[in-house]
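Right, one structure below, let's go through it.
Just so it is clear: chains get the letters A, B, ... in the order the sequence lines come, proteins before strands, and each one is counted from 1. Computed from a prediction, not measured in an experiment: that's the story for all the values here.
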Amino acid sequence: MTTELSKGYQPGEVETQWYDRWVDAGCFRGDESSDREAYSIVIPPPNVTGILHLGHVLNNTIQDILARRARMEGKEVLWLPGTDHAGIATQSKVEQKIRKDERKTRRDLGREAFLERVWDWKEKHGGIIIQQLKRLGCSCDWDRERFTMDEEYSKWISKIFVDLFEEGLIYRGKRMVNWCPKSLTALSDEEVIMKPQKSKLYYMRYKVVGEDADGRPDRWVEIATTRPETLMGDTGVAVNPKDERYGDLVGKKVLRPFPEAEIPVVADEHIDPEFGTGVLKVTPAHDKADFEIGVKNNLEIIDVFNPDATINEHGGPDFEGMDRFEARKKAAEKLDEMGQLVKVEDYDNNVGFSERADVPIEPRISMQWFLKYPCVEEASAAVANDEIRFRPDRWKKTYAHWMEGIQDWCISRQLWWGHQIPVWYRKEKSEELQARENLSSEDAGSDIHVGIDPPADEENWVRDEDVLDTWFSSWLWPFATMTNSDAEPSATEKKFYPTTDLVTAPEILFFWVARMIMAGYRWRDELPFKNVYFTGIVRDGRGRKMSKSLGNSPDPLHIIDEYGADALRFAIMRTAPLGADIRFEIANEGGKEIYPQVVEGRNFANKLWNAARYRNMQEGSAEFEPSALSIYSIDILAKLDQLEKDMAAAYEDYRFNELSQLLYDFFWSNYCSWFLESSKGAFAEDADPALRASTVATMDLVLKRVLLQLHPFMPHITEELWVNLGYRNEGDPEFLMQTPISTEATLSELEESVVEAAKTKVKAVYEAVSRARNLKAEYGLSANKEVKFIIDPESDFTESDVFRQLVGAAEILIEPGFEAEKGVPTALTAIGKIYLPLEGLIDLDAERERLGRELAKAEDEQKKINGKLANENFVSRAPEEVVAEAKERQKHWQERVEELEKMIESLGD
RNA sequence: GCGCGAUUAGCUCAGGGGUAGAGCACCUGCUUCACACGCAGGUUGUCGCAGGUUCAAAUCCUGCAUCGCGCACCA
């Protein structure tokens with residue numbers, strides 16, 4: 001049963017209808033009780049505040065392709081979805097809204113009320129991205145959607161915190177951390193982005209206290225710094241002990257200009273004598289290196305900043321309350337007034353910025369919780385020895401490098417939205433305990449409670465206010481989404497863990513991938529996934545990363561509405577080579593943005609649609625009978641078999657761009673442009689019914705196979721066409737993703753020699769057609785102009801019907817030994833000489849010129865190949881086949897040149 | 001500074017020792033009874049530069065240049 005199809009494909013309704021049907025039928029469900037081989041992916045959980053961007057489209061289309069393909073290969077598939085609570089991002093979003101709507105801060109509301117508001121917001125607006133993923137066609141098991149702050153998931157966080165604390169891997173301490181003065185929280189090293197900055201290098205001079213060796217009363221030492229505003233926190237000056245200029249200064253003191261104080265000169269190997277003046281001002285509270293020098297030399301630590309990086313009371317009345325950048329100018333001015341500013345130079349340096357808030361971070365000493373990573377060795381080894389395969393594998397090196405230099409992870413955040421640290425201090429001692437410089441499992445006496453549940457007499461305890469880094473919940477994602485923390489591994493976990501593939505961006509290799517591997521070994525004793533596919537970054541047409549601030553990121557939902565999800569999916573896959581960045585083109589036409597790659601995708605969908613329509617216009621159907629096939633059918637089926645082989649190989653290597661390109665080329669060029677056109681004669685009124693039957697059977701077979709292969713890429717249209725073409729029989733699975741993909745070659749029953757002969761002949765015909773069309777075009781005859789061709793065949797030529805059809809001729813005469821009139825346009829082809837007699841239109845000059853151009857080309861080729869064969873080394877050392885092939889080519893061009901010369905000669909002068 | 005990647009037609013990009021490819025754009029002709037979101041034909045390249053290996057290099061190696069990314073970082 002077939003349906004009448006509209007002239008053009010309209011994706012809108014088709015897509016949403018099919019999606020609803022898939023969901024209603026529950027075919028995205030991963031069945032843990034199934035006997036089938038398991039295939040699983042956990043989604044990289046998007047931020048709950050997130051909205052879909054093209055990066056998500058890329059990432060999730062790949063996952064969907066893998067999931068659908070696996071289903072069609074008969075596997076039991078679980079694609080587990082969910083969202084991430086995204087601590088800072090979500091909290092700032094809600095804070096902003098409250099500030100705007102009510103002019104209140106989170107502190108005005110208080111912790112509890114604020115958190116209620118975040119939850120409200122999450123219920124209302126969170127998870128938009130989930131709806132958007134559905135519109136893209138993602139086949140996630142939505143019944144299993146997880147959120148990193150679900151009750152059960154949160155228990156996991158407490159459990160692992162307790163585990164690691166008891167093991168001594170989690171400790172609390174006063175350390176130098178990256179502080180974000182905007183979000184008012186500590187950050188991990190990974191959340192800091194170095195950005196090149198145009199800065200100034202200030203040269204200032206400090207007076208040396210007391211007399212120097214020469215007895216001069218007035219000795220000054222020059223110091224270069226980029227941060228004069230931290231001067232008030234200087235508690236020392238450091239020089240390299242090997243630096244002869246300053247050796248005698250060590251142990252003396254210099255005078256800090258303001259607030260005026262005597263500070264010691266110390267020696268430290270790390271000072272580069274080449275930089276600046278070779279003298280470093282040491283501000284232990286505001287620089288990591290300075291901190292270390294300070295500790296070594298027992299220097300005082302003076303923090304001159306408030307948490308928001310304004311100057312605090314240590315700055316003195318001139319500076320207190322001032323922003324750090326203002327203070328920088330002010331400090332320079334003040335030094336200048338005092339005559340202690342020597343010079344200011346332009347200087348390029350790198351400054352760390354907060355990834356989220358995009359402001360320079362401050363190194364700041366504060367009380368934080370840290371984690372020594374578990375299972376580093378196992379995690380390193382797993383990737384090094386390919387137990388976990390990275391694609392592209394060059395990321396292995398980056399991973400190994402990071403793992404080697406791994407630093408303790410600052411896991412506490414001074415936020416409210418997140419997993420609050422499961423540590424309670426006994427009320428009466430809480431202040432003292434929280435101020436303690438070091439706190440680890442050994443100190444966890446009866447005054448500290450570290451547990452999954454609060455202490456029984458909770459009213460007598462105070463809970464640690466900090467929450468955990470968002471990534472501290474993400475690293476459990478693969479298994480915490482499957483099994484509860486207090487239970488034995490669930491049936492789901494037993495079936496689907498470790499997961500098969502992880503598809504993610506290389507940007508979060510350290511944030512997420514590396515940590516998941518460690519967590520996998522630590523709590524599950526094995527790897528969390530077997531393959532990691534790193535996508536590229538989606539850039540705009542000019543190569544810039546897409547971002548909100550640049551406004552160069554088109555909304556995928558608009559694109560889907562206009563072109564269809566399938567078009568977008570196909571477009572982005574066709575331009576996504578393994579691990580390379582993707583340039584998403586944006587063109588402007590009459591003020592409207594268009595996306596050329598997506599247009600191609602849409603056009604391809606339309607092409608498919610119409611090829612199906614063409615099939616439906618031919619009545620009836622027929623059994624596929626290999627022995628009855630025309631050479632054209634054999635040819636297209638041979639190409640189909642090759643396509644499937646090539647695709648299988650490309651899947652092995654996750655080469656999605658190649659997969660989509662293979663399908664595109666096969667279908668558009670080989671199937672539509674050549675096979676379908678060649679088949680048209682079979683549907684003429686007087687055509688042989690047997691030919692017609694075998695042609696219909698071939699069309700059905702190709703369409704079925706192509707729809708199956710294409711389904712993972714373009715799930716909606718393929719499903720629609722499968723039904724409209726009547727390919728679903730009684731008893732068949734209800735949906736394409738449940739339909740096994742065929743792997744058997746369509747021509748396996750035919751002798752290889754028969755197939756080869758057909759391919760050779762068809763190739764010759766098609767080439768001859770191209771040349772004949774070219775002749776027509778050269779002589780200004782439009783493609784639909786029905787002309788007469790005369791063929792002087794090489795051997796028996798039986799394909800004139802198809803030839804006529806493809807060329808667009810009224811008549812083909814086969815005349816062996818035909819002698820053309822002088823000047824008749826002629827083409828030399830593998831099937832013989834083709835003449836285009838043009839009554840009354842003979843133009844000797846035109847033909848002479850045309851043949852001249854062809855001769856020039858042929859001579860060019862001949863020269864190249866002659867040169868090659870003239871090289872004795874080539875003939876004696878190259879493999880035999882290569883030489884034979886070259887000789888073949890030489891012969892071919894030789895004959896052609898001779899032939900063309902003769903033809904030109906026959907035209908006379 | 002160290003590491004990784006890219007450099008191929010006007011544009012976007014495939015290819016990866018043996019005849020330089022696709023789509024778009026452009027030019028010509030076509031409303032041919034699946035598709036103008038289409039059909040047919042055509043034009044376009046010192047495959048970044050310089051060396052090397054090889055019978056043969058766009059492809060492998062070395063160096064350089066430019067662009068991008070990651071890590072480290074000197075105040």
message: Around atom CD of A:Glu888, are there more than 12 heavy atoms from other residues, nucleotides or ligands closer than 6.0 Å?
response: no
task: Between A:Gly278 and A:Val599, name the one whose nearest nucleotide on RNA chain B is closer to the 5' end.
output: A:Val599
- prompt: Say you pick atom C1' in B:U66 and the same atom in B:A50; how far apart are they, in whole Å?
  reply: 15 Å
- prompt: Between atom CG in A:Leu201 and atom C1' in B:C73, what is the gap in whole Å?
  reply: 15 Å
Neighbour count >12 (heavy atoms, 6.0 Å) for atom NZ, A:Lys288: no
- prompt: Between the side chains of A:Asn616 and A:Arg613, does any donor sit under 3.5 Å from an acceptor?
  reply: no
query: Is the base of B:C73 touched by the side chain of A:Asn350 through a donor-acceptor pair closer than 3.5 angstrom?
result: yes
query: Once you round it to whole Å, what is the distance between P of B:G18 and CG of A:Asn871?
result: 17 Å
query: Side chains of A:Asp646 and A:Gln642: do they bring a donor and an acceptor to under 3.5 Å?
result: yes
task: Would you mind reading off the distance between A:Leu280 atom CG and B:C73 atom C1', rounded to a whole angstrom?
output: 14 Å
query: Which whole number of Å gives the distance between the P atom of B:G15 and that of B:U7?
result: 10 Å
- prompt: Nearest nucleotide by nearest heavy atom, which residue falls closer to the 5' end of RNA chain B, A:Trp893 or A:Tyr614?
  reply: A:Trp893
message: Base of B:C35, side chain of A:Lys607 - is there a donor-acceptor contact under 3.5 Å?
response: yes
message: Give me the distance, rounded to whole Å, that separates B:G52 from B:U44 when you measure between the P atoms they each carry.
response: 32 Å
NZ/NE/NH1/NH2 to OD/OE distance under 4.0 Å, A:Glu362 and A:Arg227: yes
- line: In terms of heavy-atom contacts, A:Phe789 and A:Ala772 come closest through CZ-O, 3.7 Å
query: Just how far, in rounded Å, is P of B:C69 from NE2 of A:His401?
result: 19 Å
Near-strand residues of residues 671-678 of chain A, defined as heavy-atom separation under 4.0 angstrom from RNA chain B: A:Cys672, A:Ser673, A:Leu676, A:Glu677
- request: For RNA chain B, list all stems, counting runs of three or more consecutive pairs where every pair is Watson-Crick or G-U wobble with both distances under 3.5 Å.
  value: B:1-7 with B:65-71, B:10-13 with B:21-24, B:26-30 with B:38-42, B:48-52 with B:60-64
field: P-based separation of B:G42 from B:C60 [nearest Å]
entry: 32 Å
Euclidean distance, atom CD of residue A:Glu854 to atom P of B:G42 [Å, nearest integer]: 11 Å
- request: State, without any angle test, whether A:Glu767 and A:Ser770 hold a side-chain donor-acceptor pair at a distance under 3.5 Å.
  value: no
query: Are A:Leu703 and A:Phe667 close enough that some pair of their side-chain heavy atoms sits under 4.5 Å apart?
result: yes
message: Quick check for you: among B:G18, B:G38, B:G41, whose closest atom lies nearest to any side-chain atom of A:Ala777?
response: B:G41
field: Separation of B:U32 C1' from A:Phe683 CZ (nearest whole Å)
entry: 17 Å
Kindly list each side-chain donor-acceptor pair under 3.5 angstrom involving residues 874-884 of chain A, sequence neighbours excluded, with atom names and distances?
unit_1, atom_1, unit_2, atom_2, d
A:Ser876, OG, A:Glu872, O, 3.0
A:Ser876, OG, A:Asn873, O, 3.4

- prompt: Quantified in whole Å, what is the P atom distance between nucleotide B:A6 and nucleotide B:G16?
  reply: 13 Å
- request: With heavy atoms under 4.0 Å as the rule, sort A:Lys288 into base, sugar-phosphate or nothing.
  value: nothing
message: Just the rounded figure in Å: distance from C1' of B:A72 to NZ of A:Lys195.
response: 19 Å
B:C73 versus B:A58 - spacing of their C1' atoms, nearest Å: 38 Å
C1' spacing across the pair B:C37 / B:C71, given as an integer number of angstrom: 47 Å
task: Return the value, rounded to whole Å, for the distance between atom CG of A:Asp287 and atom P of B:C74.
output: 7 Å
- prompt: For A:Asp801 and A:Gln805, what are the C-alpha separation, side-chain angles and deciding distance, and is it a side-chain hydrogen bond (donor to acceptor under 3.5 Å, both in side chains)?
  reply: CA-CA 6 Å; A:Asp801 283 349; A:Gln805 176 71 39; over 6 Å; no
